[in-house]
2 protein chains.
Amino acid sequence: MVARVQPSVAPPMRLASPGAGKLGEVSALDEVGSLQHETLGERVTGELRALLIAGRLAPGEKLSLRRVAEALGVSMMPVREAVSRLAADKALEVLPGRAVRVPVLTLAQFRELTRIRLVVEGFAAEEATKVITDAQIAVVAQHEAAFLAAAKDPPDPAAAVGANRDLHFALYEAAGMPSLIEMISRLWLKAGPILNLDMRHEPRRLDGGSAVVAHAQLLDALRRRDPAAARQALVEDISAAADHIERTARLAE
Amino acid sequence: MVARVQPSVAPPMRLASPGAGKLGEVSALDEVGSLQHETLGERVTGELRALLIAGRLAPGEKLSLRRVAEALGVSMMPVREAVSRLAADKALEVLPGRAVRVPVLTLAQFRELTRIRLVVEGFAAEEATKVITDAQIAVVAQHEAAFLAAAKDPPDPAAAVGANRDLHFALYEAAGMPSLIEMISRLWLKAGPILNLDMRHEPRRLDGGSAVVAHAQLLDALRRRDPAAARQALVEDISAAADHIERTARLAE
DNA sequence: CCAACCTAACTGTGATCACAGATCACGACA
DNA sequence: TGTCGTGATCTGTGATCACAGTTAGGTTGG
C-alpha cells in the first residue's frame with residue numbers, strides 16, 4: 001500500500017574519534033559549512049516529496065504514519081512532522097477522523113492549478129530568458145536530450161518524468177528567484193500525482209507528442225533571448241499536457 | 001486554510017433520538033456536514049498565522065516552543081506541529097542548533113517577494129474583475145470605508161492593517177480560485193511582519209498616502225469592470241507600499 | 001582588569017505511551 | 001438472505017520523558 005519506500009540511504013559517516021586532530025591548526029574545517037545537520041523529519045519530507053512529484057503515490061492512496069515510519073526505518077515522530085508540512089501545502093490531506101491520503105483533484109481544481117501554473121511558470125520562463133547564460137542553456141538542452149532519449153524506442157517513463165522535471169527547473173532556476181522556485185515546486189507537488197501517474201501509464205504520449213516540439217521551441221527561444229517566445233512555448237507545453245490529462249485521466253466530480 | 005479538510009461549517013444541531021424519524025424520509029441528517037473537530041495543532045497554527053500577518057511578531061524575534069505552549073495553555077506537541085507547518089512555508093525558520101525565529105528578509109528577498117506579488121495578485125485582481133458581482137464590490141467598498149475611517153484623525157494602525165487585509169482578500173476571493181487565495185496568503189505571511197510592523201510604527205503613512213488613491217482607482221476599475229485598470233491600480237498599491245518599506249524599514253544585508 | 005573556561009539552564013528532536021474515534025469483518029437476529 | 005449491532009484493530013492526536021547541542025552567565029586564573 002505504501003509502495004515500499006526505500007530510505008535513500010542514510011549517510012553512513014562516522015564522526016572523528018575525540019582527540020584525533022590537533023588544536024590550533026586551521027584545517028579544512030573552516031571551509032565546511034557547519035554540515036547541514038539534516039533532521040530526520042526533513043529527510044522523510046524530502047522522500048515523500050520525491051514520491052509525490054514522481055507520481056509514485058496515486059491520488060486517493062491512503063498513507064499510514066506507522067507503516068511509513070516502519071518502511072523508512074524511523075520512528076512515527078519524523079513522519080508526523082513530514083506529513084504536517086506536506087498537509088500544510090495541501091500536497092497531502094488528513095481526513096477528519098480517518099487516515100491521511102494524497103488528495104484527489106476535481107476537474108475544477110485541476111483547471112485552476114493549470115491556470116496558475118501558466119501565469120507563474122510563464123513569468124518564471126520570461127524572467128529566466130532575460131538573464132540566462134549560455135552555460136545554463138546548455139544544461140537545459142542536456143536535459144532535453146535526456147528527455148528525448150527516454151522517450152525513444154524503449155520508452156522509459158520514469159526517466160522521462162525525471163528529465164522533464166529537471167528541464168523545467170533548470171530553466172526556472174536561471175531566473176534567480178528562490179521564492180519563485182519554491183512556489184513552483186509546491187504547484188508541481190500538487191499536480192505531480194496526476195500528471196506523472198498518467199505519464200507512467202501512457203508512455204505513448206511521449207513520442208511524437210507535443211512535449212518535444214514545445215521543448216524545441218523553448219530552447220530556440222532561449223537561444224534567441226526572446227522572453228515572450230519562451231513564455232509562449234512553455235504555455236503550449238503546459239496546456240497540451242493539461243489537455244491530455246483532462247481527456248484521459250479520471251478526475252473527480 | 002490549513003491542513004485538515006474543512007467539513008463545510010458545523011451546524012449546531014442535535015441528532016434525532018433513535019426511533020424519532022421514519023425511514024425513507026429525507027431528514028435533516030442529510031444536510032449535516034460532520035461537525036468540524038478542529039485539532040489543537042490547527043488552532044495554534046491559526047493563532048501564529050494571525051500574529052505573523054498582523055505584524056505582532058517582529059522579524060528576528062525568537063520563539064520558544066515551551067514558552068509558546070505555556071502561553072497558549074497547551075502542550076509542546078501542538079506547537080511543534082504548528083511551527084513545522086509555518087516553517088515549511090518559510091513563514092518561520094528554525095536555525096540549525098538554536099531556536100526558531102521569524103525570518104529577517106534581505107533587500108533582495110523583499111524585492112523578489114514584491115515582484116511575485118505583483119504578478120500573482122495582479123492576476124488575481126484581473127480575474128476577479130471579470131466575474132465580480134455588485135454585492136462583492138459593495139463588500140470591497142465597505143472595507144475601504146473601514147480603512148479610511150481607521151486612517152482618519154486618531155489613526156488606528158491595527159484596524160487599518162486589518163481593513164487593508166480584508167479589502168485585498170475580498171477582491172481576491174471574488175476570483176473564485178481557492179488555490180490562488182492560499183498562495184497569496186502565503187505571500188502575505190512572509191511579507192506581513194515587515195509590512196505591518198512598519199505600518200504599526202508609522203501611522204502617518206496612512207493618511208494622504210498612496211494607498212487611499214490606489215484603493216479609489218481600484219474600486220473605480222471594479223465598477224467599470226475594467227480588468228486591466230484594476231490590475232494597474234493594485235500594482236501601484238503594492239509598489240508604493242514596497243517603495244516606502246525599502247526607504248524606511250531596515251532590511252538585512 | 002580582562003580573558004578564558006566551565007557549569008547550569010535552556011533549546012529542538014526523537015521515542016514511547018495513552019486515548020478517543022473510525023473502520024472493517026464477523027456473527028446474530030429478523 | 002439481507003441488515004444491523006458489536007467487538008477487535010487500526011487510525012491520528014496529544015502528553016511525557018530522555019538526550020545531544022548550544023547559549024549564557026558566573027567564576028577562576030592570568
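Both backbone and side-chain heavy atoms feed into the values below; hydrogens, waters and symmetry mates do not. Chain identifiers are assigned alphabetically (A, B, ...) following the order of the sequence lines, protein sequences preceding nucleic acid strands; residue numbering begins at 1 within each chain.
- Taking atom NZ of residue Lys62(A) and atom C1' of nucleotide dG12(D), one finds them 14 Å apart after rounding to whole Å.
- Per the geometry, CZ belonging to Arg43(A) stands 13 Å off C1' belonging to dT13(C), to the nearest Å.
- Atom CD in Glu93(B) sits roughly 13 Å away from atom P in dG12(C) (whole-Å rounding).
- Remark: P of dG12(D) and CE of Met77(B) are 13 Å apart, rounded to the nearest angstrom.
- Note that Arg49(B) lies outside the cation-pi zone of Trp188(B), set by a 6.0 Å cut-off to the ring centre and a 45° limit from the axis.
- Axis angle between the ends of the helix from dC1(C)-dG30(D) to dA30(C)-dT1(D), five pairs each and rounded to 10 degrees, works out to 0°.
- The main-chain N or O of Leu180(B) is found under 3.5 Å from a side-chain atom of Glu112(A) such that the two form a donor-acceptor pair.
- The base of dG12(C) is paired with the side chain of Arg66(B) by a donor and an acceptor separated by under 3.5 Å.
- Taking atom CD of Glu81(A) as the reference point, atom C1' of dA15(C) lies 14 Å away to the nearest angstrom.
- Residue whose closest nucleotide on DNA chain C sits further toward the 5' end, between Leu95(B) and Ser75(A): Leu95(B).
- Nearest-nucleotide positions on DNA chain D place Leu65(A) closer to the 5' end than the other of Leu65(A) and Val74(B).
- Remark: Arg165(A) pairs with no residue by the side chain to side chain donor-acceptor pair (under 3.5 Å) rule, at least two apart or across chains.
- The residue Val100(B) sits close only to the backbone: its heavy atoms come under 4.0 Å of sugar-phosphate atoms, none of a base.
- Classification of Glu182(B) and Arg186(B) as a salt-bridged pair holds, one side-chain N sitting under 4.0 Å from a carboxylate O.
- For CD of Glu70(B), the number of neighbouring non-hydrogen atoms (other residues, nucleotides, ligands) closer than 6.0 Å is 12 at most.
- When atom types are taken as modelled, the side chain of Thr39(B) and the backbone of Glu42(B) share no donor-acceptor pair closer than 3.5 angstrom.
- Look at CE on Met76(A): it is 14 Å from P on dC10(D), rounded to the nearest Å.
- Across the protein-nucleic acid pair, Glu70(A) atom CD and dT16(C) atom P stand 13 Å apart, rounded to whole Å.
- Relative orientation of the Tyr172(A) and Phe169(A) rings is perpendicular, given thresholds of 30° and 60° on the angle between their planes.
- Atom CZ of Arg80(B) and atom P of dT16(C) are 14 Å apart (whole Å).
- Taking side-chain N and O atoms only, Ser64(B) has a distance below 4.0 Å to OP1 or OP2 of dT11(C).
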